[in-house]
2 protein chains.
Amino acid sequence: MPVTDVLRADLREDTRARIEQAALELFSAAGFEQVTIEEIAAAAGTSRRTFFRTVGSKADAVWGDFDGHVDRLATLLEHSGDDVPVLTAVLGAYVEVNDYAPEDLPVLRQRMRLILTEPALQAHSQLRYADVDRVVAGYVARRCGEQPTALVPRLVATATRAAATTAFEAWLSGAAPSLADALRTAFGQLAEGFPGLR
Amino acid sequence: MPVTDVLRADLREDTRARIEQAALELFSAAGFEQVTIEEIAAAAGTSRRTFFRTVGSKADAVWGDFDGHVDRLATLLEHSGDDVPVLTAVLGAYVEVNDYAPEDLPVLRQRMRLILTEPALQAHSQLRYADVDRVVAGYVARRCGEQPTALVPRLVATATRAAATTAFEAWLSGAAPSLADALRTAFGQLAEGFPGLR
DNA sequence: GTTGCCCGTGGCACTCGGTGCCTCTAGCGT
DNA sequence: ACGCTAGAGGCACCGAGTGCCACGGGCAAC
């Protein structure tokens with residue numbers, strides 16, 4: 001790979017970053033539905049056509065590099081020891097993959113606030129979470145010696161992801177001191193089978 | 001209310017039924033994205049404009065009267081005794097609200113197959129399920145003496161709904177003999193905190 | 001019966017998200 | 001100077017969804 005390819009890739013990432021930043025600000029200020037692609041492109045100093053080419057869709061402008069996120073989750077699960085309980089491993093992977101640097105937290109808050117409150121983004125999130133679920137279900141299946149499509153692996157995947165989402169909501173609303181803390185609380189409740197409610 | 005209102009309401013329900021039936025068949029045959037509103041309207045013997053007026057959106061054509069579904073779930077939870085455990089009550093409500101007559105099962109299968117496999121419908125489902133979650137979270141909060149926005153009520157709502165969705169998948173794939181059976185299995189796993197995985 | 005009202009319906013025009021196709025241009029190696 | 005490549009812009013098009021207006025049939029009051 002010649003040097004030029006790297007430079008050009010950097011250029012594309014630059015425009016991507018500009019677009020995502022502009023989109024995040026405009027969405028937060030005026031609401032997701034109220035902002036048009038044309039306005040985002042103008043704010044990012046580019047064109048409508050380039051917007052779609054670099055970020056794919058309006059919703060994707062909010063998610064950033066979520067595929068990399070999922071890949072990291074998969075790697076973490078792969079490299080977790082078989083001696084640690086399954087639920088603990090999943091919790092650990094969720095905590096570590098969401099261990100953001102303090103300076104990144106404001107942007108994360110902005111992003112998650114949009115995803116959790118804007119209906120269109122809430123709907124789109126299901127598609128992204130499905131990728132996460134597949135990864136987790138695959139891991140649970142491997143640990144249990146079952147098929148990834150069997151009930152328990154799927155259930156663990158969706159239930160833990162539900163716990164993670166709830167933890168995000170709690171963190172966002174200020175009810176939890178930290179994201180890791182909220183995740184541990186939610187997973188704890190889940191793993192105990194909701195004592196007192198049975 | 002004069003008799004005419006009832007008759008006219010019936011007329012509107014007739015066109016709604018025609019549209020939903022045509023949409024379900026076309027979607028199942030050719031795929032959700034491949035079918036245009038115009039084609040559905042033509043198959044239902046009506047117009048594009050009437051389609052949007054009666055069913056609201058393309059995705060809503062698949063969901064039928066889901067609001068009534070949610071209302072029934074709320075009523076069932078309201079009338080469940082306080083002596084029965086919370087999770088048991090939620091399971092019971094889910095089982096009862098999904099207790100379809102045998103002749104309705106084929107249509108239900110068709111509907112759920114679309115919702116669980118078509119990406120656009122999968123995304124839209126999140127919005128519908130959010131209504132369910134609000135109802136369940138409200139019930140759990142009342143039983144626990146907590147706020148509906150607190151972590152545990154929200155977590156129970158999303159986790160039980162995840163269990164219900166997984167149960168639907170299992171039923172649809174033929175892995176479970178009946179929907180009620182799949183629901184009981186999934187809720188059982190959830191309430192036990194996934195023994196063997198901790 | 002005629003008039004006026006209500007309401008389901010259809011048509012039309014418009015916005016906006018998303019895509020395919022073509023072109024331009026800047027940077028590169030030969 | 002030449003061609004190649006890839007990011008970028010422009011343009012036309014499709015389809016979902018909406019606002020507005022017009023038509024028509026049933027119904028009630030006069």
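Quick note on labels: first sequence line is chain A, next is B, and so on, each numbered from 1. The shown structure was predicted, so the numbers you read here are calculated from the model rather than taken from an experiment. Heavy-atom basis, side chains included; hydrogens, waters and symmetry copies ignored.
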Chemist: Atom CD of E39(A) to atom C1' of dG17(C): distance rounded to whole Å?
Modeler: 13 Å
Chemist: Quick check on contacts: within residues 116-129 of chain A, what sits under 4.0 Å from DNA chain D by heavy-atom distance?
Modeler: none
Chemist: Using a strict heavy-atom distance below 4.0 Å, which residues from residues 18-28 of chain A are in contact with DNA chain D?
Modeler: none
Chemist: I need a per-nucleotide contact map over nucleotides 10-17 of chain D, read 5' to 3'. Cutoff is protein heavy atoms under 4.0 Å; write B for the base, S for backbone only, - otherwise.
Modeler: BB---SBB
Chemist: Please output the side-chain donor-acceptor pairs of residues 184-191 of chain A that fall under 3.5 Å, not counting sequence neighbours, one pair per line with the distance.
Modeler:
| unit_1 | atom_1 | unit_2 | atom_2 | d |
| --- | --- | --- | --- | --- |
| T185(A) | OG1 | D181(A) | O | 2.9 |

Chemist: Counting just side-chain N and O atoms, does T46(B) come under 4.0 Å of either OP1 or OP2 of dG10(C)?
Modeler: yes
Chemist: For R134(B), which residues count as a salt bridge (Lys or Arg N to Asp or Glu O under 4.0 Å) partner, sequence neighbours excluded?
Modeler: D131(B)
Chemist: Given atom CD of E13(A) and atom C1' of dA6(D), what is their separation to the nearest angstrom?
Modeler: 15 Å
Chemist: When you compare the side chain of L108(B) with that of W171(B), does any pair of heavy atoms fall below 4.5 Å?
Modeler: yes
Chemist: Applying side-chain hydrogen bond (donor to acceptor under 3.5 Å, both in side chains), can you list everything that pairs with E192(A), at least two apart in sequence or on another chain?
Modeler: none
Chemist: For residues 45-66 of chain A, pull every pair meeting salt bridge (charged side-chain N to carboxylate O under 4.0 Å, His left out), keeping only residues two or more places apart or in separate chains.
Modeler: D60(A)-R128(A)
Chemist: Closer than 4.0 Å, any side-chain N/O of T15(A) to the OP1 or OP2 of dA8(D)?
Modeler: yes
Chemist: Return the set of residues passing ring-ring contact (aromatic ring centres under 6.0 Å, His included) with F51(A) (not counting sequence neighbours), or none when no residue passes.
Modeler: none
Chemist: Report all side-chain donor-acceptor pairs from residues 88-101 of chain A shorter than 3.5 Å, counting only partners two or more places apart or in another chain.
Modeler:
| unit_1 | atom_1 | unit_2 | atom_2 | d |
| --- | --- | --- | --- | --- |
| N98(A) | OD1 | H69(A) | NE2 | 3.4 |
| N98(A) | ND2 | Y94(A) | O | 2.9 |

Chemist: Could you pull out all residues at least two apart from Y129(A) that satisfy ring-ring contact (aromatic ring centres under 6.0 Å, His included)?
Modeler: W63(A)
Chemist: Mind checking what makes ring-ring contact (aromatic ring centres under 6.0 Å, His included) contact with Y139(A), not counting sequence neighbours?
Modeler: none
Chemist: With sequence neighbours excluded, tell me which residues meet ring-ring contact (aromatic ring centres under 6.0 Å, His included) with F32(A).
Modeler: F27(A)
